[in-house]
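First comes the structure, then the notes that go with it.
Note that the structure is a prediction, hence the values are computed from the model and not measured. Quick note: residue numbers are just sequence positions, from 1.
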Amino acid sequence: MMDTWTRKSGYDTCLQAASDQLNASGTEVHLIRFRDGKFCHFHKTTTEFFHFTKGIGRVVLNGEEQPLYPGTSLVIKSYDVHTFMNDSDEELLEAVMVKVNTHPQDTFVCDPPNRNLPKDGFFLR
């Protein structure tokens, strides 16, 4: 198990298992901590599975808001427009995230960033 956290805009990730360890190309397992949340975005090829373990929050998925709390599981398919928000009194909304068919240039921001309108070709690092 790895324990190096990577700080990103509004959230942190910690890779737990990479493709080579899983013997599954394009598959990764991460721990994720949403401090504030994550901007509106989508993926063209990646499917994500989240299982929330701590905190309270919300996801807006294809324009529909859903609550998040410990025990909630969620599948986000390619082209699903989504954003996460931390509503917890605690500092973090935590989850286990599994990515399938992922690659480094598959995160696209909505245009404008607070709307559910995909902007093709805008890559985030």
Side-chain angles (χ1 to χ4, degrees):
M1 183 183 286
M2 301 175 185
D3 61 358
T4 302
W5 286 88
T6 302
R7 189 169 182 88
K8 300 184 178 184
S9 179
Y11 68 104
D12 306 312
T13 62
C14 183
L15 181 66
Q16 298 297 292
S19 294
D20 57 339
Q21 296 167 304
L22 297 166
N23 197 27
S25 180
T27 302
E28 298 174 347
V29 178
H30 295 259
L31 297 179
I32 187 165
R33 294 176 176 164
F34 296 97
R35 292 184 314 277
D36 302 319
K38 187 168 182 181
F39 49 83
C40 181
H41 67 287
F42 69 100
H43 311 281
K44 290 184 178 180
T45 63
T46 302
T47 295
E48 297 174 310
F49 168 82
F50 292 88
H51 180 76
F52 290 85
T53 59
K54 182 179 176 183
I56 298 171
R58 293 172 285 143
V59 61
V60 177
L61 179 59
N62 296 323
E64 293 186 28
E65 188 172 303
Q66 300 173 29
L68 300 172
Y69 46 86
T72 302
S73 293
L74 179 65
V75 174
I76 298 178
K77 299 175 190 167
S78 57
Y79 286 95
D80 280 350
V81 176
H82 55 288
T83 188
F84 294 97
M85 293 150 281
N86 180 7
D87 292 335
S88 185
D89 290 336
E90 302 174 33
E91 182 179 340
L92 305 170
L93 172 64
E94 294 183 350
V96 174
M97 174 178 63
V98 178
K99 292 179 161 190
V100 180
N101 296 323
T102 191
H103 62 85
Q105 298 183 341
D106 192 35
T107 299
F108 299 85
V109 177
C110 302
D111 183 26
N114 59 352
R115 291 270 177 108
N116 288 331
L117 304 171
K119 178 181 179 182
D120 195 25
F122 191 97
F123 167 60
L124 292 180
R125 295 179 194 261

Regarding Asp106 and Thr45, is there a side-chain donor-to-acceptor distance under 3.5 Å anywhere? yes
If you compare all heavy atoms of Ser19 against all heavy atoms of Ser25, which two are closest, and at what distance to 0.1 Å? OG-C, 3.9 Å
Report the C-alpha distance between His43 and Thr107 in whole Å, list the side-chain angles of each, state the deciding distance to 0.1 Å, and finish with yes or no for side chain to side chain contact (heavy atoms under 4.5 Å, CB included). CA-CA 5 Å; His43 311 281; Thr107 299; 3.4 Å; yes
Can you see which heavy atom on Met85 is nearest to which on Leu93, and at what distance? O-CD2, 3.8 Å
Rounded to the nearest 0.5 angstrom, the CD1-CG distance for Ile32 and Leu15 is 12.0 Å
When you group the ILVMFWY residues by side-chain heavy-atom contacts below 4.5 Å and let the links chain together, are Leu61 and Met97 in the same group? yes
Check against side chain to side chain contact (heavy atoms under 4.5 Å, CB included), Glu94 and Phe34: CA-CA 6 Å; Glu94 294 183 350; Phe34 296 97; over 6 Å; no
Applying a strict under-4.5 Å side-chain criterion to I, L, V, M, F, W and Y, I'd like to know whether Leu74 and Tyr11 cluster together. yes
Step by step, would you call Arg58 with Asp87 a side chain to side chain contact (heavy atoms under 4.5 Å, CB included)? CA-CA 7 Å; Arg58 293 172 285 143; Asp87 292 335; 2.6 Å; yes
Does Phe108 have Lys44 sitting over its ring (NZ/CZ under 6.0 Å from centre, angle to axis within 45°)? yes
What closest approach, in Å, do Leu22 and Val29 show between heavy atoms, and which atom pair accounts for it? CD1-CG2, 4.1 Å
Under 3.5 Å, is there a donor-acceptor pair between the side chain of Gln21 and the main chain of Ala18? yes
For residues Lys99 and Thr27, determine if any side-chain heavy atom of one lies less than 4.5 Å from a side-chain heavy atom of the other. no
Any Arg7 side-chain heavy atom under 4.5 Å of Arg35 side chain: yes
Residue pair Ser78 / Asn101, side-chain heavy-atom distance below 4.5 Å: no
Taking all non-hydrogen atoms of both residues, which atom of Cys110 and which atom of His41 are closest, and how far apart? SG-N, 3.5 Å
Heavy-atom count check: over 12 atoms from other residues, nucleotides or ligands less than 6.0 Å from Asn23 CG? no
Using distance alone, with no hydrogens and no angle criterion, decide if Glu28 and His30 have a side-chain donor and acceptor under 3.5 Å apart. yes
To the nearest 0.5 Å, how far apart are NZ in Lys8 and OG1 in Thr13? 4.0 Å
For Asn86 and Asp36, which I'm curious about, is there any donor-acceptor pair between the side chains at under 3.5 Å? no
May I ask you to decide if the ring planes of His82 and Phe84 are parallel, tilted or perpendicular, using 30° and 60° as cut-offs? perpendicular
Is the ring pair His51/Phe49 parallel, tilted or perpendicular, if the boundaries are 30 and 60 degrees? parallel
Can Cys40 and Val81 be said to form a side chain to side chain contact (heavy atoms under 4.5 Å, CB included), step by step? CA-CA 7 Å; Cys40 181; Val81 176; 3.5 Å; yes
One should read off an interatomic distance between Ser9 OG and Lys38 NZ, to the nearest 0.5 angstrom, of 9.5 Å
Transitive ILVMFWY side-chain link Val100 to Leu31, under 4.5 Å: yes
With the side chain counted from C-beta on, respond yes when Phe52 and Pro70 share a heavy-atom pair under 4.5 Å apart, and no when they do not. no
Taking all non-hydrogen atoms of both residues into account, name the closest pair between Tyr79 and Asn62 and its distance. O-OD1, 4.1 Å
Only one of Leu68, Val75, Ile76, Thr72 passes side-chain contact (heavy atoms from CB on, under 4.5 Å) with Phe50, and that residue is Ile76
Shortest non-hydrogen contact from Phe42 toward Asp80: CB-O, 3.5 Å
